[in-house]
Structures are given as structure tokens and as C-alpha cells.
Amino acid sequence: MRTIGLIGGMSWESTAVYYREANELVRNRLGGLNSARIALASLNFQEISELQQAAKWDEAGERLADAARWLEAGGADMILICTNTMHLLVDRVQAAVSVPVLHIGDVAAEAVRERGLEKVALLGTSFTMEKAFYRDRIAGHGIEVVVPGAADREAIHGAIFGELAMGVVSDATRETFRGIIRRLVDDGAEGIILGCTEIELLVSQADSPVPVFPTAKLHIEAAVDRALA
């Protein structure tokens with residue numbers, strides 16, 4: 001079994017999903033007391049969030065690169081950045097190591113393609129929804145990507161940092177997300193990419209009339225596939 005290296009802590013609430021899903025997948029596939037071989041570098045999200053807000057992406061990139069080097073030195077055979085937003089820095093992280101960095105956007109796009117969809121909506125932090133790095137990655141797979149309007153983007157970003165990253169899950173916020181999803185579907189979205197790993201703590205397939213793509217779960221499932229291949 002290969003070792004999965006996780007750059008987590010951004011936030012730890014969603015990193016816990018990665019750890020649990022990896023171990024459940026391995027147990028279900030191999031049986032017995034089998035569990036995943038995981039190396040985890042857990043960063044302090046307060047520090048990373050401050051760098052994001054200050055647009056100090058170079059400094060943030062070096063912190064992630066250092067974490068990747070540490071994981072590779074510890075025996076990781078692949079590396080996952082356990083957050084969509086920080087894939088803004090994926091090229092810098094990949095340049096720091098010789099093992100592959102599995103891109104969460106590629107995994108999400110492959111899942112969309114498997115369903116035969118051509119147009120999806122992207123929910124995430126304002127960085128993920130408004131900057132081109134993630135939308136372009138998905139579009140590179142031949143998929144049209146749309147994002148919510150400005151007011152809805154602000155509501156999503158506020159919920160991520162003000163609630164979900166701190167473990168707060170409320171019915172009122174879930175209903176807000178349901179309304180955003182309905183508007184996107186009315187505008188032609190055939191699927192919804194949950195492009196922030198915290199969103200899937202709140203939103204599930206039951207909240208959408210079209211297919212939902214939970215990026216954290218898809219990401220770690222792809223890593224387990226590689227680890228057991």
C-alpha cells in the first residue's frame with residue numbers, strides 16, 4: 001500500500017473528512033483491520049487565512065511547499081492539498097517535490113465528465129469562485145463553469161469562514177445554499193461542484209435537484225485508488 005501525504009488543517013474540520021474517508025475506503029476494500037497509510041502535515045489555518053486575506057500568496061506557497069517536502073521526506077508517495085482554494089499554489093507545491101500532487105480540480109472534472117455533464121456551477125471561497133485558476137482547470141476538461149452572483153458569492157464565502165471552518169452547521173445556512181443552488185440550476189447548471197471542502201459538511205445530494213460533486217470525498221477516493229493500485 002502506498003502512503004498518502006495530506007497537507008491539511010485548512011480547515012481541520014474538512015481534513016478530518018479526508019482522514020475518515022481514506023480509512024473507511026481502505027477498510028471496505030481490504031477488510032479486516034486494514035487502514036490507510038497516511039502522512040499528515042496539519043497547518044494552522046489562522047495563519048494561512050491571514051496570508052490569504054493579505055494576498056501574501058508567495059509566503060503561503062512556501063509554507064505549503066515546506067509541508068510537501070516534509071511529507072515526501074517522511075515517505076509519502078503522493079500529496080494532496082486538502083483544500084480547493086490553495087490549489088492556486090499547486091504548481092509551486094509540485095515544483096518542491098518529486099512525487100505527484102493530485103489536483104482536486106482534475107478529480108472533480110473527471111467525475112463531471114463521467115456523468116456526461118457539460119455545464120456546472122462552482123461553489124467555494126471568493127478566491128476559488130472569482131480567480132481563474134480553478135475555473136480554468138475545470139474548463140480545460142471541456143466543461144463550462146459558472147459561478148453565483150456577487151451577493152450569493154459573498155454569502156457562501158461568509159458561511160465558509162464564519163461557520164463551517166469553525167464546525168458550525170446550521171439549518172438556516174443550509175437553506176441559503178439550497179436557494180443559491182436553485183438559482184444556478186434555473187440558469188442552466190447541470191451539476192454543482194462543491195469547490196470548498198467545508199461545504200460538503202453542510203450540503204449533500206439531498207439539497208440539490210442536479211448532481212452534486214463533493215470534492216474532498218472525490219479527492220481522497222482517487223488517492224486511495226492510487227494507493228491500492
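Position 1 is the first residue of the sequence; numbering continues from there.
- Phe213 is connected to Leu123 through a chain of hydrophobic side-chain contacts under 4.5 Å among Ile, Leu, Val, Met, Phe, Trp and Tyr, so both are in one cluster.
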Step by step, work out the side chain to side chain contact (heavy atoms under 4.5 Å, CB included) result for Leu6 and Leu80. CA-CA 5 Å; Leu6 303 178; Leu80 280 64; 4.0 Å; yes
For residues 20-33, which side-chain N or O atoms pair as donor and acceptor with protein atoms under 3.5 Å away, sequence neighbours left out?
| unit_1 | atom_1 | unit_2 | atom_2 | d |
| --- | --- | --- | --- | --- |
| Asn23 | OD1 | Ala36 | N | 2.9 |
| Asn23 | ND2 | Tyr19 | O | 2.9 |
| Asn28 | ND2 | Glu24 | O | 3.2 |
| Arg29 | NH1 | Asp225 | OD1 | 2.4 |
| Arg29 | NH2 | Asp225 | OD1 | 3.0 |

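- Remark: Asn44 pairs with no residue by the side-chain hydrogen bond (donor to acceptor under 3.5 Å, both in side chains) rule, at least two apart or across chains.
- When all heavy atoms of Val93 and Ala68 are compared, the pair lying nearest together is CG1-CB, 3.7 Å.
- By the side-chain hydrogen bond (donor to acceptor under 3.5 Å, both in side chains) test, Thr197 pairs with Ser14, sequence neighbours left out.
- Checking Ser98 against Glu72 by side-chain atom types alone, a donor-acceptor pair falls below 3.5 Å.
- Between Pro100 and Asp77 the shortest heavy-atom distance is CD-O, 3.5 Å.
- Lys131 is listed as a side-chain neighbour of Leu88, based on a closest heavy-atom distance under 4.5 Å.
- Taking 4.5 Å as the limit, some side-chain heavy atom of Val90 sits within range of a side-chain heavy atom of Ile81.
- Residue pairs meeting the salt bridge (Lys or Arg N to Asp or Glu O under 4.0 Å) criterion with at least one member in residues 40-51, sequence neighbours excluded, are Glu47-Arg63.
- Within the structure, salt bridge (Lys or Arg N to Asp or Glu O under 4.0 Å) pairs that include any residue of residues 184-199 do not occur (at least two apart or interchain).
- Using a 4.5 Å cut-off on side-chain heavy atoms (C-beta onward), Leu64 and Leu43 make contact.
- Gln52 and Thr85 get closest at one heavy-atom pair: NE2-CG2, 3.7 Å.
- To the nearest 0.5 Å, atoms OG1 (Thr215) and CD1 (Ile104) are separated by 4.0 Å.
- Trp12 and Leu164 fall into different hydrophobic clusters, where Ile, Leu, Val, Met, Phe, Trp and Tyr side chains are chained together by heavy-atom contacts under 4.5 Å.
- Comment: Glu200 does not engage Lys217 in a salt bridge, judged by the lack of any side-chain N to carboxylate O separation of less than 4.0 angstrom.
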What's the verdict on side chain to side chain contact (heavy atoms under 4.5 Å, CB included) for Ile143 and Leu117, showing C-alpha distance, side-chain angles and the deciding distance? CA-CA 8 Å; Ile143 300 164; Leu117 307 184; over 6 Å; no
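- Note: Asp207 CG to Ile180 CD1 = 12.0 Å, rounded to the nearest 0.5 Å.
- Both Val169 and Val203 belong to a common hydrophobic cluster when Ile, Leu, Val, Met, Phe, Trp and Tyr are linked at side-chain heavy-atom distances under 4.5 angstrom.
- Rounded to the nearest 0.5 angstrom, His87 NE2 and His103 NE2 are separated by 5.0 Å.
- Hydrophobic clustering, with ILVMFWY side chains joined whenever heavy atoms are under 4.5 angstrom apart, keeps Met86 apart from Leu201.
- Thr128 and Asn84 share no side-chain donor-acceptor pair at under 3.5 Å.
- The shortest distance between side-chain heavy atoms of Ser11 and Thr15 does not fall below 4.5 Å.
- Environment of CD in Glu154: sparse, with no more than 12 heavy atoms of neighbouring residues, nucleotides or ligands closer than 6.0 Å.
- Taking the side chain as every heavy atom from C-beta outward, Val101 and Met78 never approach each other to under 4.5 Å.
- Remark: side-chain polar atoms of Arg153 are not paired, donor with acceptor, to backbone N or O of Ser126 under 3.5 angstrom.
- In this structure, the separation between CG on Leu71 and OG1 on Thr3 is 10.5 Å, given to the nearest 0.5 Å.
- A search for ring pair (Phe, Tyr, Trp, His ring centres under 6.0 Å) contacts involving Tyr18 returns His219, not counting sequence neighbours.
- Side-chain heavy atoms closer than 4.5 Å link hydrophobic residues (I, L, V, M, F, W, Y) into clusters, and following such links, even through other members, never connects Val224 to Val17.
- The line from CG of Leu184 to CZ of Arg182 is 11.0 Å long, rounded to the nearest 0.5 Å.
- When all heavy atoms are compared, the tightest approach of Val210 to Ala189 is CG1-O, 4.0 Å.
- Not a single side-chain hydrogen bond (donor to acceptor under 3.5 Å, both in side chains) links Ser208 to another residue, sequence neighbours left out.
- More than 12 non-hydrogen atoms from other residues, nucleotides or ligands lie less than 6.0 angstrom from CZ of Arg183.
- The two residues Ala108 and Tyr134 come nearest to each other via the heavy atoms CB-OH, 4.3 Å.
- Here the side chains of Lys56 and Ile48 are not in contact, with every heavy-atom distance at 4.5 Å or above.
- For residues 96-117, the set of pairs meeting the salt bridge (Lys or Arg N to Asp or Glu O under 4.0 Å) definition, not counting sequence neighbours, comprises Asp106-Arg137.
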Leu194 vs Ile192, side chain to side chain contact (heavy atoms under 4.5 Å, CB included): CA-CA, chis, key distance, verdict: CA-CA 6 Å; Leu194 305 183; Ile192 307 294; 4.0 Å; yes
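- Put simply, the side chain of Ile181 reaches to within 4.5 Å of the side chain of Pro209, judged on heavy atoms.
- Applying the ring-ring contact (aromatic ring centres under 6.0 Å, His included) rule to pairs touching residues 175-208 yields nothing, sequence neighbours excluded.
- Residues forming a ring pair (Phe, Tyr, Trp, His ring centres under 6.0 Å) with Trp57 (at least two apart in sequence, or on another chain): Phe127.
- Counting only residues at least two apart or on different chains, the salt bridge (Lys or Arg N to Asp or Glu O under 4.0 Å) pairs with a member in residues 88-104 are Asp58-Arg92, Glu62-Arg92.
- In this structure, Gln94 and Val99 approach most closely via the heavy-atom pair NE2-O, 2.9 Å.
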Taking it one step at a time, do His141 and Val112 satisfy side chain to side chain contact (heavy atoms under 4.5 Å, CB included)? CA-CA 9 Å; His141 291 262; Val112 171; over 6 Å; no
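- How far SG of Cys196 is from CD1 of Ile193: 13.0 Å, rounded to the nearest 0.5 Å.
- Using a 4.5 Å heavy-atom threshold, the side chains of Pro148 and Ile156 count as touching.
- For the side-chain hydrogen bond (donor to acceptor under 3.5 Å, both in side chains) test, residues two or more places apart in sequence or in another chain that qualify with Glu163 are Thr173.
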